[in-house]
Amino acid sequence: TNPANIRNFSIVAHIDHGKSTLADRLIQVTGGLTEREMKEQVLDNMELERERGITIKAQTVRLDYTARNGEKYVLNLIDTPGHVDFAYEVSRSLSACEGALLVVDAAQGVEAQTLANVYAAIEVDLEIVPVLNKIDLPAAEPDRVRAQIEDVIGIEAHDALEISAKTGLGIEDVLEAIVHRLPAPPAGDPDAPLKALLVDSWYDAYLGVICLVRIHEGTLKKGMRVRLMGTGANYNVDGVGVFRPTKINVDSLGPGEIGFLNASIKQVRDARVGDTITEEKRPTSSMLPGFKPAIPVVFCGLFPVDANDFEDLRDAVERLALNDASFSFEMETSAALGFGFRCGFLGLLHLEVIRERLEREYDVDLITTAPSVIYKIKMTDGEVIDLHNPADMPDPVRIDTIAEPWIKATILVPDEYLGGVLKLCEDRRGIQKELTYAGSRAMLVYELPLNEVVFDFYDRLKSVTKGYASFDYQFIEHREGDLVKMSILVNEEPVDALSMIVHRARAEMRGRGMCEKLKDLIPRHMFKIPIQAAIGGRVIARETLSALRKDVTAKCYGGDASRKRKLLDKQKAGKKKMRQFGRVEIPQEAFIAALKMD
Ligand code: GDP
Ligand code: MG
């Protein structure tokens with residue numbers, strides 16, 4: 001295809017503003033799928049994505065459109081995930097495009113991820129067409145939202161389109177705007193040595209690793225020998241194709257085009273996104289600028305509930321990592337939880353998605369330990385250690401300083417909930433940087449320690465604002481802080497899986513919370529059990545679990561025999577999954593519940 005008739009674009013939006021619905025509608029209108037094939041949100045094909053209505057992996061689709069002027073165009077749409085954890089996927093997709101549709105819910109207006117995503121698009125110089133969606137809703141206020149886009153984002157919005165992705169209203173205008181308002185890709189030389197950007201890669205059960213590519217120069221053909229310039233590995237191209245949205249093979253892809261290749265690449269790790277693909281015999285002279293690698297920022301331990309499932313878990317984790325290069329893992333052992341894995345994630349949602357996939361797709365029950373961030377520990381001898389497991393904390397006398405990651409958070413919230421959000425941020429050691437207004441919504445910028453955010457921040461934010469706040473963050477730097485390791489002792493024995501690194505000012509509160517929880521979770525024994533939180537040798541919180549009277553069924557006042565029997569049965573079943581700590585037996589469920597954040 002002549003590059004002048006190609007348009008490569010993304011859709012960026014805050015979650016739930018209608019990206020996927022609009023994408024479906026564009027596919028439908030251009031005839032990408034028959035009515036029968038058209039199920040809702042074709043692009044969200046991972047089961048979890050469908051269920052949660054979120055897009056995790058970016059998807060691509062090629063559309064044929066005959067414009068009102070009679071010209072035929074090829075439109076390549078790359079759908080992007082909307083959630084902060086997957087911001088790296090957004091910027092990756094954007095760099096394969098010349099333009100973006102900025103979708104804003106006309107009833108809700110600009111939200112935190114609208115800003116984050118549109119700024120990412122502006123950063124890579126994309127032309128932006130604002131689209132006001134959901135104008136079928138009675139609450140839609142297109143004029144107000146238009147003004148808001150201009151005030152808050154600072155881009156021209158008087159010619160923003162008004163559409164309803166749901167009813168299909170205005171979809172043709174969107175297609176015309178793509179053709180006439182977005183630029184064509186630069187015309188590269190089709191006979192030059194191949195120069196293509198590896199935009200994304202994922203594992204396909206039939207074809208092995210599939211690479212999504214954007215051709216800059218030259219021509220990609222089946223049977224060609226290609227080299228991945230970053231890794232230096234050479235491959236034979238087994239197939240070249242495009243997504244419509246199902247995979248269709250094509251003879252070749254030329255400059256400006258987006259499509260895929262498969263080349264018997266075994267692991268996703270070997271097809272690094274951001275790499276430049278060229279010809280083995282006739283390499284291009286320079287590499288394309290790549291992407292910043294996605295680095296894990298949140299860590300936790302994953303252990304099988306049943307120790308016999310360890311091998312299954314290993315298998316599942318290895319297979320998942322094949323398909324998700326941003327997920328990392330290493331083996332870990334814990335006295336409390338046995339054998340498991342220490343895993344790294346891009347953020348809390350990523351953690352949750354992986355955990356759910358392991359439980360669901362691979363059928364293993366998991367215990368997840370409290371999430372931790374990466375601390376930089378400077379030792380007295382000058383060495384700097386990256387620590388992401390509190391259990392590996394060196395002896396405090398050898399530690400000079402501990403630094404923790406800080407983030408810049410942007411929060412948009414309706415005025416009436418502002419007070420609650422301010423308090424939450426202050427409680428979490430936040431430093432206020434900005435407070436401005438966008439209509440009746442406050443826009444807050446705070447610097448916060450990431451450690452305080454991974455610990456139930458989203459949930460608290462949601463509950464203090466009844467779900468009306470939106471949130472986005474970026475890592476800024478590691479800063480020194482008064483951080484300590486807090487241990488939990490049950491009957492004077494430390495329980496490794498429950499230790500955590502906390503700020504000294506927050507230690508007492510966190511310690512007290514944990515002790516209170518454990519007191520309810522650990523069954524009573526024949527003797528008194530102290531439950532303590534300690535920093536070094538100093539106890540900062542303490543609860544005592546009183547001793548059990550001889551007759552366990554005495555608890556059941558009244559003579560309900562069936563209830564008594566149930567209690568005894570429950571005790572018997574529970575026995576099987578007990579872990580021994582000194583003289584104390586702690587049921588597995590107690591760990592699960594204690595580590596669950598609420
Ligand atoms: P995404 O998270 O941006 O991909 O948003 P979705 O496309 O999944 O849409 C989120 C929700 O908004 C879904 O329940 C859609 O049915 C609904 N929705 C999308 N577009 C419209 C629209 O134009 N009008 C109305 N009323 N609802 C819409
Ligand atoms: Mg979506």
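In listed order, ligands and their atoms are each counted from 1.
Taking the six-membered ring for Trp, Phe299 and Phe345 have ring centres at least 6.0 Å apart.
Taking the six-membered ring for Trp and thresholds of 30 and 60 degrees, Tyr473 and Phe471 have ring planes inclined between 30 and 60 degrees apart. Ring geometry for Phe243 versus Phe260: interplanar angle of 30 to 60°, hence tilted.
The Leu137 neighbourhood of ligand 1 comprises atoms 26 (N), with distances under 4.0 Å to a heavy atom of that residue. Heavy-atom proximity to Asp16, at under 4.0 Å, picks out these atoms of ligand 1: 1 (P), 2 (O), 3 (O), 5 (O), 10 (C), 12 (O). With ligand atoms numbered from 1 in the order given, ligand 1 contributes 22 (C), 23 (O), 24 (N), 25 (C), 26 (N) to contacts under 4.0 Å with heavy atoms of Asp136. Interface of Ser164 with ligand 1, defined as ligand atoms under 4.0 Å from a residue heavy atom, comprises 22 (C), 23 (O), 24 (N).
Judged by distance alone, with hydrogens and angles left aside, the side-chain atoms of Glu98 form no donor-acceptor pair with the main-chain N or O of Ala184 at under 3.5 Å.
With sequence neighbours left out, Arg144 forms a salt bridge (Lys or Arg N to Asp or Glu O under 4.0 Å) with Glu141.
Screening residues 151-167 for salt bridge (charged side-chain N to carboxylate O under 4.0 Å, His left out), with sequence neighbours left out, gives Arg146-Glu162, Asp159-Arg181.
The shortest N or O to N or O distance between Ile163 and ligand 1 is not below 3.5 Å. Any N or O atom pair closer than 3.5 Å counts here, and Gly18 shares at least one such pair with ligand 1.
Taking only non-hydrogen atoms, the option from Lys134, Lys19, Arg25 nearest to atom 12 (O) of ligand 1 is Lys134.
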